[in-house]
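Here the structure comes first, spelled out in structure tokens, and everything after it is commentary.
Order of the sequence lines fixes the chain letters, A, B, ..., with proteins taken first and strands second; residue numbering starts at 1 for each chain. Worth knowing before you read on, the calculation uses all heavy atoms, side chains too, and leaves out hydrogens, waters and symmetry mates.
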Amino acid sequence: MSAGTERGRFADVSIQEVIGWLLLAVVGLLVLDLVRQVLVGELPLGRLWAFTWNGIVDSLYIGLAAIGLSMTYSILRFANFSHGDLITTGAFTGWTAAYLVGGIGIAELSSRLLLRADGGAQPGAVGMDVVSAPIAIVLGLIVAAALTILVALAIDRLVYRKLRDASGITLLIASVGVALALRYIIALFYTTDTRGVVASSPQWETPAFVPIETINLHEATLVISALSLIVGVHLLLQYTKLGKSMRAMSDNKDLALITGIPTERVIFATWVIGAGLAGVAGYLIVLDRGQVTINLGWFLLLLIFAAVILGGIGSIYGALAGSLVIGLTINLSLVWIPSDLNEIAAFTLMIVVLIFRPDGLFKGVETA
Amino acid sequence: MALLEASSLDAGYGDLQILDDVDLGVDAGEYVTIVGPNGAGKSTVMKSIFGLTAYMGGSITFDGEPIHGKRPEEIIRTGIGYVPQNDNVFPSLSVIENLEMGAYILDEVPEDRLEWIFDRFPILEERKSQKAGTMSGGQQQMLAMGRALMLEPDLLMLDEPSAGLAPDLVDDMFDRIDRINDDGTAVLLVEQNAKEALRRCDRGYVLVQGGNRYMDTGEALLGDEQVRQDFLGG
């Protein structure tokens with residue numbers, strides 16, 4: 001073998017691929033190290049399970065938000081940077097509703113209406129947990145979805161509808177503007193202070209035959225709500241006329257038009273579903289974390305984008321799978337790195353995937 | 001009275017005019033072909049009839065009603081079915097879902113019509129749950145025709161249905177179009193495969209540079225020395 005062909009072969013490998021293989025090797029080593037740590041008892045199984053469980057919980061709310069982001073991408077054909085602030089909208093509107101109802105006779109109306117902007121109405125005093133105030137919490141969930149939908153439809157009417165035929169880049173930039181406007185309109189009323197709004201979660205002591213000793217009821221609420229919504233969206237997309245027309249339009253807008261599918265109605269439904277899920281995601285994140293902040297959705301948006309891109313942008317099943325990968329990655333990486341750096345792991349993984357599968361993990365497998 | 005009648009039609013895209021003074025008619029149950037060189041505006045005629053281009057003048061009537069300037073979702077209700085040349089199925093939807101989308105404007109999927117289509121395209125029934133994007137080009141073409149036939153149109157417009165098909169499938173495709181026409185549906189066909197199309201049709205138009213140059217029965221056009229030399233390759 002001559003030196004010439006050898007050099008020729010090296011030239012076939014691009015810099016990206018070299019980096020990709022290196023990163024992949026690191027990921028492989030870490031997986032081996034994880035197995036080693038468990039085997040030698042360095043990492044107790046209980047902790048591994050806790051990381052995994054937190055990963056699943058995170059992936060569920062990321063997934064709820066990712067469905068909407070993926071849908072707006074495939075049906076309206078743009079990357080919606082205001083999606084994160086729809087999540088924030090859901091968090092604030094939903095919890096305001098929960099406080100308005102749950103805090104009747106306990107706290108000042110102003111403290112409830114502005115969601116503790118004045119520091120009044122302590123969550124513990126108001127009894128903001130699913131056992132003490134189940135009706136307020138459920139009502140808040142519904143209001144979070146409903147008001148976020150209304151906000152998204154209003155934004156569509158005011159901004160995006162005028163840009164229906166504009167390029168994806170124009171729409172993307174418009175959505176960044178919408179994101180900022182929306183966030184600071186919320187801040188105008190609710191201030192930029194981070195604050196606790198949920199009382200600590202009640203624990204359910206499980207019967208003896210269940211392997212887990214206690215169940216965090218707020219986490220359980222999140223998991224059950226998110227799973228039912230995901231199943232609901234799946235059924236809607238696969239078995240209803242509306243869902244099929246949404247998939248048709250995401251496949252080919254021009255053909256949808258000449259088939260007689262009312263494209264504006266499909267866009268309307270896209271906002272209703274996407275924004276509704278985003279609002280619910282925001283509300284449930286606060287239920288799980290206990291705190292609400294103006295940057296809630298914005299900070300989450302990058303992870304949601306990562307999930308959507310990992311799965312193959314435009315496919316909601318890909319987005320859900322991508323969410324699971326991201327959720328597990330940011331939590332399992334805590335075995336090695338501190339929690340304020342764990343998003344590095346998610347984005348590194350995203351880079352590896354994009355180097356080897358530029359269309360995402362699941363592109364071409366399943367689209368909707 | 002003609003089923004479809006375009007007179008002095010001017011149309012194009014944006015500011016660019018493609019069709020200049022086109023006259024074209026299709027009678028009920030008739031089989032009409034448009035042939036002509038590349039870029040003559042054959043596809044544009046169909047898109048214009050279906051409301052997908054910028055209308056610039058003249059008139060189009062269907063069943064006596066003017067349809068120029070109407071939107072596609074209105075035109076589909078008048079009884080015109082349209083199969084575009086490319087990307088004419090929804091790839092991630094199954095065969096049956098593609099057909100259901102063809103009947104979107106109806107409240108319910110017409111089961112008897114579905115049977116009628118399965119009878120003409122048995123492969124579609126066999127592959128009912130297969131994703132359209134995974135089928136061969138010929139099968140996708142049949143699905144696209146099936147989809148356009150779901151609303152029992154009086155006129156079916158086909159834009160180059162034989163494009164990209166293996167040679168042995170081209171004859172089969174023409175036979176199927178004959179059968180749809182024999183059932184009473186008028187057909188307006190744009191074809192690259194000009195000789196075969198003219199042999200099969202009742203009447204043909206030769207379109208050149210956005211205007212119609214010749215109109216006659218298919219046989220007469222095939223026999224015309226000038227047409228043969230200029231457009232059919234001798």
**Asked** Where does B/L151 contact chain A at under 4.5 Å (heavy atoms): side chain, backbone, both or neither?
**Response** neither

**Message:** So which residue, A/D254, A/N252, A/T263, ends up with the most heavy-atom pairs under 4.5 Å with chain B?
**Reply:** A/N252

**Prompt:** How close do B/L52 and A/L257 get, heavy atom to heavy atom, and via which atoms?
**Reply:** CD2-CD2, 4.3 Å

**Item:** Which atoms of B/V109 approach chain A - backbone, side chain, both or neither, heavy atom under 4.5 Å
**Value:** neither

**Asked** Just wondering, more than 12 heavy atoms not from A/R161 lying within 6.0 Å of its CZ?
**Response** yes

**Prompt:** Just wondering, are more than 12 heavy atoms of other shown residues or ligands nearer than 6.0 Å to CD in A/E264?
**Reply:** yes

**Under 3.5 Å: donor-acceptor pair, side chain of A/K244, backbone of B/M101** = no

**Exercise: identify the closest heavy-atom pair between B/Y104 and A/S245** = CE1-CB, 3.6 Å

**Item:** More than 12 heavy atoms from other groups under 6.0 Å of CG on B/L16
**Value:** yes

**Message:** Surrounding CZ of B/R179 (heavy atoms of other residues, nucleotides or ligands, distance under 6.0 Å), is the total greater than 12?
**Reply:** yes

**Item:** A/I258 CD1 to B/M46 CE distance, which is reported to the nearest 0.5 Å
**Value:** 11.5 Å

**Residues A/D251, B/L93; criterion side chain to side chain contact (heavy atoms under 4.5 Å, CB included); working and verdict** = CA-CA 8 Å; A/D251 263 8; B/L93 269 60; 4.0 Å; yes

**Prompt:** So, for A/G260 and B/I76, which heavy atoms are closest and what is the spacing to 0.1 Å?
**Reply:** N-CD1, 4.0 Å

**Fill in**
Note: vs chain A, highest number of non-hydrogen pairs under 4.5 angstrom among B/I105, B/D87, B/V89 is B/D87

**Message:** Is it the case that over 12 heavy atoms from other parts of the model lie below 6.0 angstrom from the CZ atom of A/F268?
**Reply:** no

**Prompt:** Taking atom CG of B/D15 as the centre, does the number of heavy atoms from other residues, nucleotides or ligands within less than 6.0 Å exceed 12?
**Reply:** no

**Message:** Does any backbone or side-chain atom of B/D107 lie under 4.5 Å from a heavy atom of chain A? Answer side chain, backbone, both or neither.
**Reply:** backbone

**Prompt:** Tell me, side chain or backbone of B/L106 under 4.5 Å from chain A's heavy atoms, or both, or neither?
**Reply:** backbone

**Message:** Tell me whether B/Y205 at atom OH has more than 12 heavy atoms from other residues, nucleotides or ligands lying less than 6.0 Å away.
**Reply:** yes

**Complete:** Greatest number of non-hydrogen atom pairs under 4.5 angstrom with chain A, of B/E97, B/E100, B/E73, falls to B/E97

**Request:** Using non-hydrogen atoms and a 4.5 Å limit, figure out which bit of B/R147 sits close to chain A: side chain, backbone, both or neither.
**Result:** side chain

